[in-house]
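In what follows, every heavy atom counts, from backbone to side chain, and hydrogens, waters and symmetry copies are set aside. Lettering follows sequence order; numbering is per chain, from 1.
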There are 2 protein chains.
Amino acid sequence: MGGAVRRRRVTIADVASHAQVSTTAVSKVLRNAYGVSAAMRDRVRAAIDELGYRPHNAARAMRGRTFTIGVLLPHINNPFFGEILDGLMEQLGGTDYQAILIQGGRDPQGEHRAIDALVDRQVDGILMIAPLGSKAELEEVAAGTPTVVLGPHEKSAVYDSVHDDDEAGAELVVEHLIALGHRRIAHIGQRDASRGRPAALLHTIRERTYRRVMAEHGLAGEIAVAATSYTEAGGHAAARELLARDPLPTAIFAGADLAAFGALAAVYEAGLTVPGDISLAGYDNTRMAGLAHISLTTVDQDGAILGRTAARLLLERLAGRSAAVDFSLSPTLIVRRSTARSGSPC
Amino acid sequence: MGGAVRRRRVTIADVASHAQVSTTAVSKVLRNAYGVSAAMRDRVRAAIDELGYRPHNAARAMRGRTFTIGVLLPHINNPFFGEILDGLMEQLGGTDYQAILIQGGRDPQGEHRAIDALVDRQVDGILMIAPLGSKAELEEVAAGTPTVVLGPHEKSAVYDSVHDDDEAGAELVVEHLIALGHRRIAHIGQRDASRGRPAALLHTIRERTYRRVMAEHGLAGEIAVAATSYTEAGGHAAARELLARDPLPTAIFAGADLAAFGALAAVYEAGLTVPGDISLAGYDNTRMAGLAHISLTTVDQDGAILGRTAARLLLERLAGRSAAVDFSLSPTLIVRRSTARSGSPC
DNA sequence: AAAGCCGTGGGTATCGTTACCCATTCTGGG
DNA sequence: CCCAGAATGGGTAACGATACCCACGGCTTT
């Protein structure tokens, strides 16, 4: 069914001859460039529609733009990234730009390959979500391609930064747990796989803030950290490790909801209850966290706003802005039923 | 810090002059083409390493390959897709191909735009995960670009199909619930947003199988379906709808784990328990489903194998195979604690 | 009325790589 | 020892779109 003829693709030259104008004229219309009369524009537009012309992206890339924005993210399994992307897509909706995604994985080598892949494909701009690379590495990329970094807090003169205030968020959680009477509060973090300066990575900030707030309340001796990864499996393993200690912690602050879900399973397996025996808090306010049977206390950082902002900043950069911008979003604590007074019965 | 000199990119010509050979020779080495001596190959390789040359993808695309595989998926928030991608990436690991992802969204228009975006970017091959388009639409794409479709069950002569046997999977669940003594078994499906022939879409198959098995056991009168979407929110809304009926269902079969999680919350909110009052089963065996506090009975379809297979088939096609392949994977039922005998106390 | 300017349209070199073809050297068999 | 044919290397015209330039006609300004 349907002719087996693999017809040659329609080019700008076909449009030009069909509209009886030069290829230059067609190109100008496509780019909204200066120097075309209204009549000419209409004729070319009509020819484009009639022939079903679509610009050849690779050919464009040879001379300049690709109208493509590359989005790097560690792995798609973190639902919070989905919320960021929703915001991003919304902001990109009205423009000519298309986002393509690429997974960097959990180690810097894989991330580096992924970034190279984007650069090789001549994307016009790059949005890096929670990248592991050092500031120097990111800046090298940003020197060649407009870049926005979402996550790490290191300000740069070459790229824009967007992040929630992780220090404030982590502080909210720990202060909340302390206010409930907890003293033996443990933390689930992410093992550091990055090179360079990890001080700016969000998991590092969350852990550091946990340590600081504990110390400020004279609880330095109670600090207990299990560093695995921000995944269900990581949270599960970390919680098992923490629950093997004596005395048991009375509260666990997981650096991400995903890890909190794994921890919840481990607590349950140990024959303990949340929040009866152990209070549990996460970070990200993913949709799962709000479901009634889980009802996880967590930190909300509105991924959609972060995504929209990142996209907006990138578009601004593509439009010519060169001064760097640093955008910080204040998080809020969402108290649910997974945290309760220490020692109190459920 | 660092020279502000935006240095020109290293091209094949630079490599050629550095190695004292022609650009043709360099190109041949890059493509492993016939007609290069070992000595020449070594010299060129050395020059490539010394200069840090990277092929310019757009230029390659002008002449043929891009070494890029486009992966279309509805939305990244379904964790099952992550497992598919893990398999895909693993299989693609040793090759020169890079996968880029693009979200199609939940309506056919958005999906169409996304597919166009991939085609415009001259990807060498396309993997569509759970696409909504009609067979005719998919075949039109496949006629121009090697394509593998993961999900819908319609065999085609132009593209390869990979899917789990959704009919077998859904049958396992419904038979399991009936064997436990349930009669009022409800189903949570996905509202159909597709054009063309929806009969082949996986959510249609799961629902149709549910209806068939119910009817085969003389339970046609007990059929109750709430069609929303395979998301937490969709499952939540659907379960609320089902729980408002009288008499209540004693079991709910959600077409996807994600929807089951939402349903779990709704059951909990209604003051009921799982599996005490209501048995609940999902589909996909996501990691969350296995966590102890959820312990969802579900169908395992090994996303990694599906992803690996899809990638393998696509590579075969890129290598020249033109005969279509249809790969079907048998799912298994994972019985956990969310399903129990009807009427029995917890 | 002459000079300059603006608005409009087109010619053409160019981006980096590949594939086709040709030129040269080398090898082995008659 | 000569010649056919294989092995190796290179020249060059594309691929499709863009951006710099120039040409031309009509209008305003002095």
Atom pair distance, as rounded to whole Å: CG in A/Asn57 and C1' in D/dT18 | 14 Å
Pair A/Glu139, A/Ser156: side-chain N/O donor-acceptor within cut-off below 3.5 Å | yes
Can you tell me how far the CG atom of A/Leu138 sits from the CD atom of A/Glu140, to the nearest 0.5 Å?
-> 10.0 Å
Check whether the side chains of B/Asp86 and A/His75 place a donor and an acceptor atom closer than 3.5 Å, and report yes or no.
-> yes
Under 4.0 Å between a side-chain N or O of A/Ser22 and OP1 or OP2 of C/dG10?
-> yes
Rounded distance in Å - CD (A/Gln122) to C1' (C/dT17) | 13 Å
Should A/Leu318 and A/Ile69 count as side-chain neighbours, where that means a heavy-atom distance under 4.5 Å?
-> yes
Under a 4.5 Å cut-off applied to non-hydrogen side-chain atoms, are A/Val158 and A/Thr147 in contact?
-> no
Give a yes-or-no answer on whether the side chains of B/Arg41 and B/Ser37 include a donor-acceptor pair shorter than 3.5 Å.
-> no
Separation of atom CG in A/Asn32 from atom P in D/dA19, rounded to whole Å | 12 Å
Spacing of A/His56 atom NE2 relative to C/dC15 atom P, expressed in whole Å = 19 Å
Say whether A/Arg121 and A/Thr66, considering side chains only, have a donor N or O and an acceptor N or O under 3.5 Å apart.
-> no
Any side-chain heavy atom of B/Phe80 sitting closer than 4.5 Å to one from B/Leu306?
-> yes
Reading nucleotides 18-24 of chain C from the 5' end, what letters show protein touch, with B for base, S for backbone sugar-phosphate only, - for no heavy atom under 4.0 Å?
-> BB-----
Within residues 34-45 of chain A, those residues having any heavy atom closer than 4.0 Å to DNA chain C are A/Tyr34, A/Gly35, A/Val36, A/Ser37, A/Met40
